[in-house]
**Q** 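Can you read through this structure? Questions will come right after.
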There are 2 protein chains.
Amino acid sequence: MSSQNPKRAMFEQFAAVARTIGSAHRLELLELLAQTERSVEELAGLSGLTIANASQHLQQLRRSGLVEARRDGKRMLYRLADGDVVALLGALRRVTERNVGAVEKVLNSYFRERDSLEAISRKELLRRMREGTVTVIDTRPAEEFAAGHLRGAINVPLHEIKRRLRELPRDQAVVAYCRGTYCVLSYEAVAELRKRGFKAFRLEEGYPEWRAAGLPVDHSATA
Amino acid sequence: MSSQNPKRAMFEQFAAVARTIGSAHRLELLELLAQTERSVEELAGLSGLTIANASQHLQQLRRSGLVEARRDGKRMLYRLADGDVVALLGALRRVTERNVGAVEKVLNSYFRERDSLEAISRKELLRRMREGTVTVIDTRPAEEFAAGHLRGAINVPLHEIKRRLRELPRDQAVVAYCRGTYCVLSYEAVAELRKRGFKAFRLEEGYPEWRAAGLPVDHSATA
DNA sequence: CAAATATTCAATTATTCTCTTGAATGAGAC
DNA sequence: GTCTCATTCAAGAGAATAATTGAATATTTG
């Protein structure tokens, strides 16, 4: 709480924001909010926190300007403040991954075929979308798709994929995406599609990063 | 310290790194290290910490992989781990600035003419350097310049600027930079040069960001 | 207006982090 | 080998943070 020196005071502000993301629970809440706006009860349920505790963490996030809230009837709906927050979490992820062996190990065991399924970048996907040489599938559940998705993507939730193979082209590339870098849905989808002979790829990142980059999204129901 | 759930364990790793940058002292140390490699004693002096305390903070930064250390005789020299760290600090700065009024106020009082002196981006500067239509001056002290500077820049420490005006061209743009976004040296230099009728601009960011972006740097003595 | 629901507040306890102090280590100098 | 210097380690007091509980507030519903 010092402040004699303006530079020190500034560092103190930065540090306060950093401390706010210095909690696994709050990071999880932020990840959940990166998908879509959600109520306190929903967030508590998804993260395994009690309602009161989730509320307190959300208020800390709010005080630091990382999330915003609005009232909808008797519920409070929270959402990420903006794309800079997604960028901050991405930077944190990169720094952590590079130097912390433990993360590597978790990644290797959890996302088993991580590196074997080549990913394409946002830039590359955009180029191919403009060319019209690619079909983009969103492997998240229908509700999440409805709340926002890449413009031009079709919703094929992972568990429906086997039933819906005939909607997908065999002569051009299929790119799957889901919630973000640590979401397994698109990995599974790509693995399944490859097994069936499709030219399937995974988008390197997920919906939150796409939206944060200011790239086109839609909020319609199933396209 | 949980770890039953792999996802939770991952968040815990990220949170640990975030907590490490959640301290004004450590952020200041990181900023000092963004300039150049330094010894514990030097860092303690510059940041006003006791040696023992500085050492402990540096070890925390090291455990989180944010800095690296090497021994040189009886001194330990610390340096930033890599450019990702600069990117993380930049992302933290952006998120904080946008939402925390206190930072705005500090900026306005400390960097008084902040917005009145237009800044040019790295990209723009690179373009003009290739064209040869710009002179780049580094306004930091000679020691820092010697430890690393933008390739093609000449060192004109702020306090020497009045004496060295005749080295600078009046017919083409002069771009000044210094330690980073919160360094005042380049602001002062640009203000002085404008007063004298030069076409002077400030580089948006400083040396650490330039180097972190992988752009060309040199380590010679005064060029 | 009273009841029901969703969220927040306030107080408590347990845990973690910070700084200080003085001793211990490692490397070079004599 | 001993001395000196730079850094690190270890222990303890004080401060900040986290999770839990139960009460309080705001909003819709009857």
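Note: hydrogens, waters and symmetry copies are ignored here, and every other heavy atom, side chains too, is used. So you know, we letter chains A, B, ... as the sequences are listed, proteins then strands, and number each from 1.
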**Q** Have a look at B:Q56 and say if it touches a base, only the backbone sugar-phosphate, or nothing, with a 4.0 Å heavy-atom cut-off.
**A** base

**Q** So, taking the atom named CE in B:M76 and the one named CD in B:Q59, what distance separates them when rounded to the nearest 0.5 Å?
**A** 8.5 Å

**Q** Just checking A:R26: base, sugar-phosphate only, or nothing, at a heavy-atom cut-off of under 4.0 Å?
**A** sugar-phosphate

**Q** I'd like to know if B:R93 and B:E97 make a salt bridge, using a cut-off of under 4.0 Å between side-chain N and carboxylate O.
**A** yes

**Q** Does OP1 or OP2 of D:dT8 have a side-chain N or O of B:S55 closer than 4.0 Å?
**A** yes

**Q** Can you identify which nucleotide, out of C:dG28, D:dA19, C:dT8, has its nearest atom closest to the A:Q59 side chain?
**A** C:dT8

**Q** Identify which nucleotide among D:dT20, D:dT7, C:dT8 has an atom closest to any side-chain atom of A:N53, counting heavy atoms from C-beta outward.
**A** D:dT20

**Q** Assign B:Q60 to base, sugar-phosphate, or nothing according to its heavy-atom contacts below 4.0 angstrom with the strands shown.
**A** sugar-phosphate

**Q** Would A:L92 and B:L88 satisfy side-chain contact (heavy atoms from CB on, under 4.5 Å), going step by step from the backbone distance to the final call?
**A** CA-CA 6 Å; A:L92 178 61; B:L88 174 59; 4.1 Å; yes

**Q** Could you state the atom-to-atom distance from CD1 of A:I21 to C1' of D:dT17 in whole Å?
**A** 16 Å

**Q** Among the nucleotides D:dA18, C:dG22, D:dT21, which one has an atom lying closest to any side-chain atom of B:A52?
**A** C:dG22

**Q** Is there a side-chain polar atom (N or O) of B:R19 under 4.0 Å from OP1 or OP2 of C:dC17?
**A** yes

**Q** Would you mind telling me which of D:dA19, D:dT7, C:dA6 lies closest to the side-chain atoms of B:M76?
**A** D:dT7

**Q** Are a donor atom and an acceptor atom from the side chains of A:R19 and A:Q60 found within less than 3.5 Å of each other?
**A** no

**Q** Whole angstrom is fine here: how far is it from CD in A:E41 over to P in D:dT28?
**A** 17 Å

**Q** Quick check: closest heavy atoms across B:C178 and B:T139, and the distance to 0.1 Å?
**A** CB-OG1, 3.3 Å

**Q** Whole Å only: how far is the CZ atom of A:R63 from the P atom of D:dA16?
**A** 15 Å

**Q** Between D:dA6, C:dA6, C:dG26, spot the one nearest the side chain of B:R71, thanks.
**A** C:dG26

**Q** Has A:H57 got a side-chain N or O lying under 4.0 Å from the OP1 or OP2 atom of D:dT17?
**A** no

**Q** Quick one: A:H25 NE2 to D:dT17 P, roughly how many Å, whole number?
**A** 17 Å

**Q** Ring-plane angle category for A:H149 and A:F145, please: parallel below 30°, perpendicular beyond 60°, tilted otherwise.
**A** parallel

**Q** Tell me: CZ of B:R75 to C1' of C:dT25, nearest whole Å?
**A** 19 Å

**Q** Provide, to the nearest angstrom, the distance between the CZ atom belonging to B:R38 and the C1' atom belonging to D:dT7.
**A** 18 Å

**Q** To the nearest angstrom, how far is B:L49 atom CG from C:dT20 atom C1'?
**A** 12 Å

**Q** Would you say A:Y78 reaches C:dA6's phosphate, i.e. side-chain N/O to OP1/OP2 under 4.0 Å?
**A** no

**Q** Given atom CG of A:L27 and atom C1' of D:dA18, what is their separation to the nearest angstrom?
**A** 15 Å

**Q** Please determine, for the side chain of B:I51, which listed nucleotide (D:dC5, D:dT20, D:dT8) has the closest atom?
**A** D:dT8

